[in-house]
Amino acid sequence: MKLIWLAIFATVFLWSAIEPKDTFTWFLEVLPALIGLVLIVFTYKSFPLTPLLYGLILLHCIVLMVGGHYTYAEVPLFDNLFGAARNNYDKVGHFFQGFVPAILAREILIRKHIVNGRIWVGVIAVSICLAFSAFYELIEWWVALATGENAEAFLGTQGYEWDTQSDMGFALLGALSAIFLMARWHDSQLGGLLTKGAA
């Protein structure tokens with residue numbers, strides 16, 4: 001299974017690296033996916049994750065690499081979607097920025113016994129995602145200040161004055177969706193993982 005995961009990651013990564021729309025933007029967008037890959041490789045034996053989480057992380061990496069290849073403002077099929085005047089692929093990216101980290105935070109909180117009670121696990125996981133989303137918006141601001149016009153494609157605001165707030169809103173929606181829709185499936189996989197660890 002891990003070889004399939006790595007093969008898919010490598011294939012999409014190589015595709016995204018071939019003549020991206022903007023090389024600087026591509027690097028900024030795929031960097032989180034590369035950091036994620038390094039962390040997964042180094043923790044695979046010491047802290048293996050649930051299959052669900054590995055699958056979601058791969059999906060999130062693919063979203064990042066597609067956005068990096070085209071830039072978030074020019075991904076095909078997302079222009080004028082549902083009558084919108086802008087390309088909304090960045091909203092997909094920010095939804096995943098909440099959805100996947102919510103399951104990751106949930107898994108760590110439960111396995112490390114950091115929080116008591118499943119309701120509090122959900123509350124803290126969503127709060128972590130919101131904090132991360134806000135921090136990512138700060139990173140975008142710092143990159144824009146440091147690089148000037150070169151960061152326009154990375155920011156992906158497309159002239160929308162509420163882009164930062166809507167980005168965080170979609171991350172919140174993603175985190176809440178993950179907690180409400182995936183918790184039972186995630187619990188079933190966590191149960192097997194915890195049982196295996198105790199054996």
Side-chain angles (χ1 to χ4, degrees), residues 9 12-13 16-17 20-40 42-43 49 53-75 78 84 86-109 114 121-180 182:
F9 183 100
V12 179
F13 176 79
S16 74
K21 176 77 176 178
D22 181 271
T23 305
F24 178 66
T25 301
W26 172 83
F27 172 74
L28 292 175
E29 299 294 1
V30 302
L31 184 60
L34 294 174
I35 292 170
L37 174 66
V38 171
L39 291 174
I40 283 174
F42 277 99
T43 61
L49 305 173
L53 186 50
Y54 279 126
L56 289 174
I57 290 171
L58 178 61
L59 193 56
H60 193 187
C61 289
I62 290 171
V63 169
L64 292 170
M65 291 186 281
V66 169
H69 180 79
Y70 292 108
T71 76
Y72 278 78
E74 299 185 41
V75 175
F78 285 84
R86 66 195 300 277
N87 187 302
N88 276 317
Y89 186 78
D90 69 317
K91 301 311 173 198
V92 174
H94 284 279
F95 179 86
F96 272 88
Q97 189 187 69
F99 195 95
V100 179
I103 299 301
L104 174 60
R106 189 176 189 277
E107 185 151 326
I108 293 170
L109 291 170
I114 297 170
V121 166
V123 170
I124 300 300
V126 169
S127 299
I128 289 170
C129 292
L130 269 178
F132 178 77
S133 178
F135 181 64
Y136 192 82
E137 294 301 324
L138 289 174
I139 290 173
E140 287 186 343
W141 175 43
W142 295 333
V143 169
L145 290 175
T147 61
E149 292 182 5
N150 289 334
E152 181 62 32
F154 178 58
L155 291 174
T157 59
Q158 302 175 67
Y160 181 42
E161 63 180 326
W162 302 109
D163 185 69
T164 298
Q165 291 81 359
S166 66
D167 286 350
M168 290 188 286
F170 272 88
L172 173 61
L173 178 63
L176 291 171
S177 299
I179 297 300
F180 285 112
M182 310 295 279

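Atoms considered below: every heavy atom in the structure, side chains included; atoms not considered: hydrogens, waters and symmetry mates. Model, not experiment: these values are computed from the prediction.
Using a 4.5 Å heavy-atom cutoff, the side chains of D167 and Y136 are not in contact.
Between P20 and S16, the closest heavy-atom pair is CB-O, 3.7 Å. What you find for S133 and Q97 is that their closest heavy atoms are OG-OE1, 3.3 Å. Contact record, F13 with M65: CA-SD, 3.4 Å, taken as the closest heavy-atom pair.
L58 is linked by a side-chain contact (heavy atoms from CB on, under 4.5 Å) to W5, I8, F9, I62, counting only residues two or more places apart in sequence or in another chain. In this view, F132 satisfies the ring-ring contact (aromatic ring centres under 6.0 Å, His included) rule with no residue, not counting sequence neighbours. Scanning for side-chain hydrogen bond (donor to acceptor under 3.5 Å, both in side chains) contacts around H69 gives an empty result, with sequence neighbours left out. Every residue two or more places apart in sequence or in another chain was checked for a salt bridge (charged side-chain N to carboxylate O under 4.0 Å, His left out) with E137, and none qualifies. The ring-ring contact (aromatic ring centres under 6.0 Å, His included) test applied to F170 returns no partner, not counting sequence neighbours.
If you take CG on L28 and OG1 on T71, they are separated by 12.0 Å, rounding to the nearest 0.5 Å. The line from SG of C61 to CD1 of I57 is 7.0 Å long, rounded to the nearest 0.5 Å. Between the CD1 atom of I35 and the CG atom of L64 there is a distance of 10.5 Å, given to the nearest 0.5 Å. To the nearest 0.5 Å, atom CG of residue L49 and atom CG of residue L39 are 10.0 Å apart. The distance from the CZ atom of F42 to the CG atom of L37 is 10.0 Å, given to the nearest 0.5 Å. For the atom pair OG (S166) and NE2 (H94), the distance works out to 8.0 Å, reported to the nearest 0.5 Å.
Although no hydrogens or angles enter the test, the distance criterion places no donor-acceptor pair under 3.5 Å between the side chain of N88 and the main chain of K91. A donor-acceptor pair under 3.5 Å is formed between the side chain of S127 and the backbone N or O of V123. No donor-acceptor pair closer than 3.5 Å links the side chain of Y70 to the backbone N or O of K21.
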Worksheet item: When you look at V92 and F78, which way does the side chain to side chain contact (heavy atoms under 4.5 Å, CB included) test go after all the steps?
Response: CA-CA 10 Å; V92 174; F78 285 84; 3.6 Å; yes
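Ring-plane geometry between Y89 and Y72 is classed as tilted, the angle between the planes lying from 30 to 60 degrees on a 0 to 90 degree scale.
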Please output the side-chain donor-acceptor pairs of residues 99-107 that fall under 3.5 Å, not counting sequence neighbours, one pair per line with the distance.
{"unit_1": "R106", "atom_1": "NH1", "unit_2": "H186", "atom_2": "ND1", "d": "2.9"}
{"unit_1": "R106", "atom_1": "NH1", "unit_2": "D187", "atom_2": "OD1", "d": "3.0"}
{"unit_1": "R106", "atom_1": "NH2", "unit_2": "D187", "atom_2": "OD1", "d": "2.9"}
{"unit_1": "R106", "atom_1": "NH2", "unit_2": "D187", "atom_2": "OD2", "d": "3.3"}
{"unit_1": "E107", "atom_1": "OE1", "unit_2": "T50", "atom_2": "OG1", "d": "2.8"}
{"unit_1": "E107", "atom_1": "OE1", "unit_2": "H186", "atom_2": "NE2", "d": "2.7"}
{"unit_1": "E107", "atom_1": "OE2", "unit_2": "T50", "atom_2": "N", "d": "3.0"}
{"unit_1": "E107", "atom_1": "OE2", "unit_2": "R111", "atom_2": "NH1", "d": "3.1"}

